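Right, one structure below, let's go through it.
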Amino acid sequence: KIKQEFAVANISELVNRLTENCFNNCITTPTGSLDTNDQNCISQCATKYTQAWNIISKTYIQLARH
Amino acid sequence: KIKQEFAVANISELVNRLTENCFNNCITTPTGSLDTNDQNCISQCATKYTQAWNIISKTYIQLARH
Amino acid sequence: KIKQEFAVANISELVNRLTENCFNNCITTPTGSLDTNDQNCISQCATKYTQAWNIISKTYIQLARH
Amino acid sequence: QELSQWAQKETEKAQLQQNVHRFTDMCWKKCITEPATSGSLTSQEESCITNCLQRFFDTNSMVVQLVQRKAL
Amino acid sequence: QELSQWAQKETEKAQLQQNVHRFTDMCWKKCITEPATSGSLTSQEESCITNCLQRFFDTNSMVVQLVQRKAL
Amino acid sequence: QELSQWAQKETEKAQLQQNVHRFTDMCWKKCITEPATSGSLTSQEESCITNCLQRFFDTNSMVVQLVQRKAL
């Protein structure tokens with residue numbers, strides 16, 4: 001059960017960091033709504049951020065072993 | 001008494017964030033003293049930051065309800 | 001023994017902040033290795049950061065007394 | 001039990017206040033880029049700050065949905 | 001004793017995950033400066049992110065050595 | 001009682017050290033914008049860093065006074 005809590009905490013931290021970084025990446029000047037461009041940018045940014053997170057995970061585990 | 005502590009903590013956090021953001025907003029290159037321009041900027045910035053804090057408070061409470 | 005722990009914590013925090021600030025100062029676009037220029041920059045930056053830390057220590061202790 | 005309910009409410013209130021500080025900081029940095037020259041927000045700055053929080057919540061909702069649909 | 005070993009391992013894992021979040025955030029900010037226009041990292045962004053973490057570790061090693069040699 | 005006084009002093013010392021780290025970080029970011037090309041601060045950088053902390057304390061005093069006079 002604790003293991004699950006760790007996993008949940010991990011996803012929740014990813015959602016928080018992803019939201020903050022993609023909000024900053026895509027929404028330079030906040031307007032009255034998210035238009036199609038904004039939504040596309042956020043969705044693409046979210047995929048890219050997850051890729052970056054996977055790369056750092058792998059590289060970090062390799063580096064931490066040595 | 002605990003309630004007061006929360007309120008005090010809240011004002012203290014506002015003072016800290018306001019100081020940091022208005023220092024960065026007004027003092028681009030720190031010199032030997034705060035001149036009149038700096039002081040005017042800090043005082044105006046402090047009022048504006050408090051306005052922003054009030055807007056965010058109201059909007060956040062509205063959004064949190066839904 | 002606790003005193004040593006405080007001192008160790010202090011050095012460890014200095015190493016962390018110094019690493020982060022000098023990495024950002026010297027490595028604008030990360031490449032496949034640290035070349036000689038990067039290494040010189042990091043070593044010089046580290047000395048400068050330590051100087052800044054000493055200045056802030058002295059000035060902060062003076063200001064905190066008043 | 002009433003005491004523990006009261007304690008929980010106070011904790012929630014403190015958390016809410018902390019979020020207000022965090023979001024004010026974030027939206028200030030996004031919307032206010034020039035040194036202050038007057039003692040009140042321009043209408044542009046004011047709407048930028050309101051929109052900033054709303055669009056941040058929209059972005060958060062989108063990200064949560066993408067995670068739930070395992071689209072990432 | 002087994003329980004305390006298990007607890008220690010879980011704590012280490014949580015710490016490791018936290019570091020991964022911290023470094024992803026740092027290298028994202030360093031390597032991704034333009035708004036996203038496609039749903040995958042360019043090869044340039046990808047190698048920037050890998051290199052970012054490795055060079056950060058190199059920088060950290062250099063700093064630790066300078067401190068140990070009392071060169072600061 | 002002596003022990004608790006000692007503990008309090010150590011806590012204050014740790015807090016002071018933490019502040020020194022926080023302010024060094026803040027003033028470094030404000031005053032040092034170019035990559036290092038020499039192993040010591042220029043006189044301009046040096047005075048910027050001293051002034052940075054003093055003006056930050058001045059700003060903090062002004063803000064505290066504005067809050068106390070309920071001028072915000």
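A, B, ... follow the sequence lines: proteins, then strands. Residue 1 opens every chain. Keep in mind it's a predicted model, so treat the numbers as computed, not measured.
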Practice item. Would you indicate whether the side-chain heavy atoms of D/His21 and B/Asn10 approach each other to under 4.5 Å? Key: yes
Study note, to complete from the structure: Max heavy-atom pairs within cutoff under 4.5 Å with chain D, candidates B/Ser43, B/Ala64, B/Ser57, B/Ala46, goes to B/Ser57
**Study point:** Check: D/Trp28 and B/Arg17 side chains under 4.5 Å, non-hydrogen atoms
**Key:** no
Review point. In terms of heavy-atom proximity below 4.5 Å to chain B, should D/Glu45 be classed as side chain, backbone, both, or neither?
Key: side chain
Practice item. Please round to the nearest 0.5 Å and tell me the distance separating atom OG1 of B/Thr59 and atom CG of D/Leu53. Key: 6.0 Å
Check your understanding: What part of D/Ser38 lies closer than 4.5 angstrom to a heavy atom of chain B: side chain, backbone, both or neither?
Key -> backbone
Revision key, fill the gap. Pair count under 4.5 Å, heavy atoms only, with chain B: among D/Asp25, D/Thr50, D/Ile32, highest is D/Asp25
Point to revise | Contacting region of D/Phe57 [heavy-atom separation from chain B under 4.5 Å] | key: side chain
Check your understanding: Any idea which heavy atoms bring B/Asn25 and D/Ala36 closest together, and the distance?
Key -> OD1-N, 3.0 Å
Review point. Quick one: CD1 on B/Ile61 to CG on D/Asn19, what's the gap to the nearest 0.5 Å?
Key: 11.5 Å
**Study point:** From D/Lys29 atom NZ to B/Glu20 atom CD, the distance as rounded to the nearest 0.5 Å
**Key:** 6.5 Å
Point to revise | Spacing of B/Trp53 atom CH2 and D/Phe23 atom CZ [to the nearest 0.5 Å] | key: 15.5 Å
Study note, to complete from the structure: Cut-off 4.5 Å, heavy atoms of chain D, and the answer for B/Leu14 is both
Study note, to complete from the structure: Scanning both residues in full, the closest heavy-atom pair of B/Ala52 with D/Thr24 reads C-CG2, 4.1 Å
Exercise for review: Indicate the atoms forming the closest heavy-atom contact of D/Pro35 with B/Cys41, along with that distance.
Suggested key: CB-SG, 4.2 Å
Practice item. List the steps and the verdict of side chain to side chain contact (heavy atoms under 4.5 Å, CB included) for D/Leu41 and B/Ile55. Key: CA-CA 11 Å; D/Leu41 296 167; B/Ile55 294 172; 3.8 Å; yes
Point to revise | Heavy-atom check, side chain of B/Thr47 versus side chain of D/Ser40, under 4.5 Å | key: no
